[in-house]
Amino acid sequence: MTATKGLEGIVATTSTISSIVDGVLTYRGIDIDDLALHAGFEEVAYLLWFGKLPNAQELSDLRQDLDTFAPIPQLLIEQMKLYPKDVNTMAALRSAVSALALYDEEADDVSRSSNEKKAIRLQAQLPTIVAALSRLRQGKEPIAPQKGLSIAENFLYMLRGEQPDETSIKALDQALVLHADHELNASTFAARVTVATLSDMYSGVTSAIGALKGPLHGGANEAVMRMLDEIGEVDQVESYIQEKLNNREKIMGFGHRVYKNGDPRAKFLQKMSRELGEMKNDTKLYTMSVKIEDMITGQKGLKPNVDFYSASVYTQLGIESELFTPIFAISRVSGWTAHILEQWVDNRIIRPRAEYIGLTDQKYIPIELRA
Ligand code: ACO
């Protein structure tokens, strides 16, 4: 038995949900480029769960279900009020989603229909939870979701308490489409491992949120913003990045386990970042980001991943950096739950082996004889 560090190149399951072949990402066989330009996030979530694009009636039914499920239990809000205000938002989200299971009588119902309903419910409730966490940490009361709005619009509305502008809604909606699924990424794998024991969907999504939180995965977008804030000005980029490179430090938002010639999602976020900057007559964040990209690609040959330009996009949408990774979760919960449903279709517990490289032939030493 020989271990493969980070399971690189290991094919751990079959899936019909999304694929990455020769640098092209598809959801259910549809190129992400096509979906990013033409599909709304709700259509994409339906596509991931049910394997086909919804017709008009199916989409309308889904929107209605999302409206019905979007409110969260008042008891959960009371519980979230007790969380410390300065806590990591992903840690708070992980706790809240775990707690959500306690208020769902169907949490342990293993039927397909109940699990499909739970997937839609989780999709509907995550944006409400994240918006509520954001307001509570600012000492404000959460705002209840409004019926008849898309997830992107409703989320922005619940954050600010006012109707968002069309540009912001479109930008966030496209970002949600781009983040919805990504083959067997770390958080999706965590979700599949958890539910393959026949644990419940909430446990799977809670595991996934824990995995997404890390800066090598979804947490990178927040780390990118911290870096941009630290750099501060365009003319500081060169010295800051050069020092990091000289110290062999990782630059967040660059590199990818699967894409070696660029992440197909990054170009949309880069364009969005430029356009939002131009609209506001302030392209500083975009210009800094491009300068960083030039240096990292030039010197290391690494390309930006989905997280790099997300940071400047969300900031220009007026969203605080503590919400960047939770927004990733709002989108990715569609993919996680689709994978959980798929895992259960032909389940087998996921239990790999470890190559043992520790001591051998040791004997038990009584405590009084130990050094
Ligand atoms: N900055 C500087 N060097 C890097 C970076 C980076 N961002 N990414 C990879 N490298 C270097 C590594 O140091 C390594 O160099 P070495 O061979 O001289 O040691 C080489 O490139 C290969 O990198 P690995 O870390 O082995 O690649 P791996 O596939 O294990 O990791 C990962 C991929 C985690 C994305 C990595 O590129 C990284 O840490 N990037 C920064 C964090 C980040 O942006 N994560 C988000 C990924 S996208 C997502 O999850 C949504």
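No experiment lies behind these values; they were computed from the predicted model shown. Numbers for residues simply follow the sequence, beginning at 1. In each ligand, atom 1 is the first atom listed, and ligand 1 is the first ligand listed.
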So, do L136 and K85 sit near enough that their side-chain heavy atoms are less than 4.5 Å apart?
no
By side-chain hydrogen bond (donor to acceptor under 3.5 Å, both in side chains) - contacts of K140 (at least two apart):
Q138
Which protein residues come within less than 4.0 angstrom of ligand 1, counting heavy atoms only?
P215, L216, H217, A220, R248, E249, K250, I251, M252, G253, F254, G255, H256, R257, K300, L302, N305, V306, D307, F328
Listing request: all ring-ring contact (aromatic ring centres under 6.0 Å, His included) pairs with a residue in residues 172-212, at least two apart in sequence or in separate chains.
H179-F328, H182-H256, H182-Y259
Pairs touching residues 164-177 that satisfy salt bridge (charged side-chain N to carboxylate O under 4.0 Å, His left out), sequence neighbours left out:
none
L184 with L25, same ILVMFWY side-chain cluster at under 4.5 Å
no
Flag the pair R135 and E141 as a salt bridge only when some basic side-chain nitrogen lies within less than 4.0 angstrom of an acidic carboxylate oxygen.
no
